[in-house]
Amino acid sequence: MSIQKKFLKDKDICKVTFLVTSKKVEKVEVFGSFNNWKGIRLKKRPFGVFKKNLKLPMDQSFEFKYRIDGTLWVNDREADDYINNEFGGKNCVLTTFEV
């Protein structure tokens with residue numbers, strides 16, 4: 001799992017790419033505060049790569065989590081931070097602050 005960020009200064013937008021690689025997985029979704037926790041399906045590419053690009057506003061923080069094959073909730077090891085959630089676990093934190 002990984003997250004890539006590209007800052008588009010002329011539009012005050014951060015293009016975020018979510019990547020998950022696994023040949024054993026059929027479906028990956030990302031849920032987050034950036035869209036009221038509605039699932040967004042990552043597109044399956046060759047060689048077990050799942051990918052989704054989102055354009056998010058700059059200078060904000062968002063919580064998110066992946067759901068694998070409809071049942072398994074997982075965090076991204078490349079998240080900017082982690083925060084406790086209401087279910088006794090942790091959510092990933094993604095920031096769009098340019099460093």
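Position 1 is the first residue of the sequence; numbering continues from there.
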Pairs satisfying salt bridge (charged side-chain N to carboxylate O under 4.0 Å, His left out), at least one member in residues 82-96, at least two apart: none
Under 3.5 Å: donor-acceptor pair, side chain of Asp69, backbone of Glu26: yes
4.5 Å side-chain heavy-atom contact, Lys51 and Val20: no
Approximate separation, where rounding is to 0.5 Å, of Leu8 CG and Ile13 CD1: 6.5 Å
Partners passing ring pair (Phe, Tyr, Trp, His ring centres under 6.0 Å) against Phe62 (at least two apart in sequence or in another chain): none
Partners meeting side chain to side chain contact (heavy atoms under 4.5 Å, CB included) with Ile40 (sequence neighbours left out): Val30, Phe34, Asn35, Lys52, Leu54
Glu29 and Lys27, any side-chain heavy atoms less than 4.5 Å apart: yes
Interatomic distance, Ser33 atom OG to Lys65 atom NZ [nearest 0.5 angstrom]: 13.0 Å
Side chain proximity check, Ile83 to Glu63, heavy atoms < 4.5 angstrom: yes
Residue list, ring pair (Phe, Tyr, Trp, His ring centres under 6.0 Å) with Phe50, at least two apart or on another chain: none
Heavy-atom donor-acceptor pair, Lys5 side chain to Thr95 backbone, under 3.5 Å: yes
pair Asn75-Tyr66: side-chain heavy atoms closer than 4.5 Å: no
Pairwise distance CG(Asp59) to SG(Cys14) - rounded to 0.5 angstrom: 9.5 Å
Distance (rounded to the nearest 0.5 Å) between Lys6 NZ and Lys55 NZ: 10.0 Å
Contact list for residues 69-99, test ring-ring contact (aromatic ring centres under 6.0 Å, His included), sequence neighbours left out: Phe31-Trp73
Side-chain (Asp76) to main-chain (Glu78) donor-acceptor, under 3.5 angstrom: yes
Side chains of Thr17 and Ile3 in contact at under 4.5 Å (non-hydrogen atoms): no
Gap between atom CD of Gln4 and atom CG of Leu19 - 0.5 Å precision: 5.0 Å
Side chain to side chain contact (heavy atoms under 4.5 Å, CB included) between Met1 and Val74, worked out: CA-CA 10 Å; Met1 295 176 193; Val74 296; 3.3 Å; yes
Leu56 CG to Ser61 OG distance, which is reported to the nearest 0.5 Å: 11.0 Å
Set of ring pair (Phe, Tyr, Trp, His ring centres under 6.0 Å) partners for Trp37, sequence neighbours left out: none
Any donor-acceptor N/O pair, Thr96 side chain to Pro57 backbone, under 3.5 Å: yes
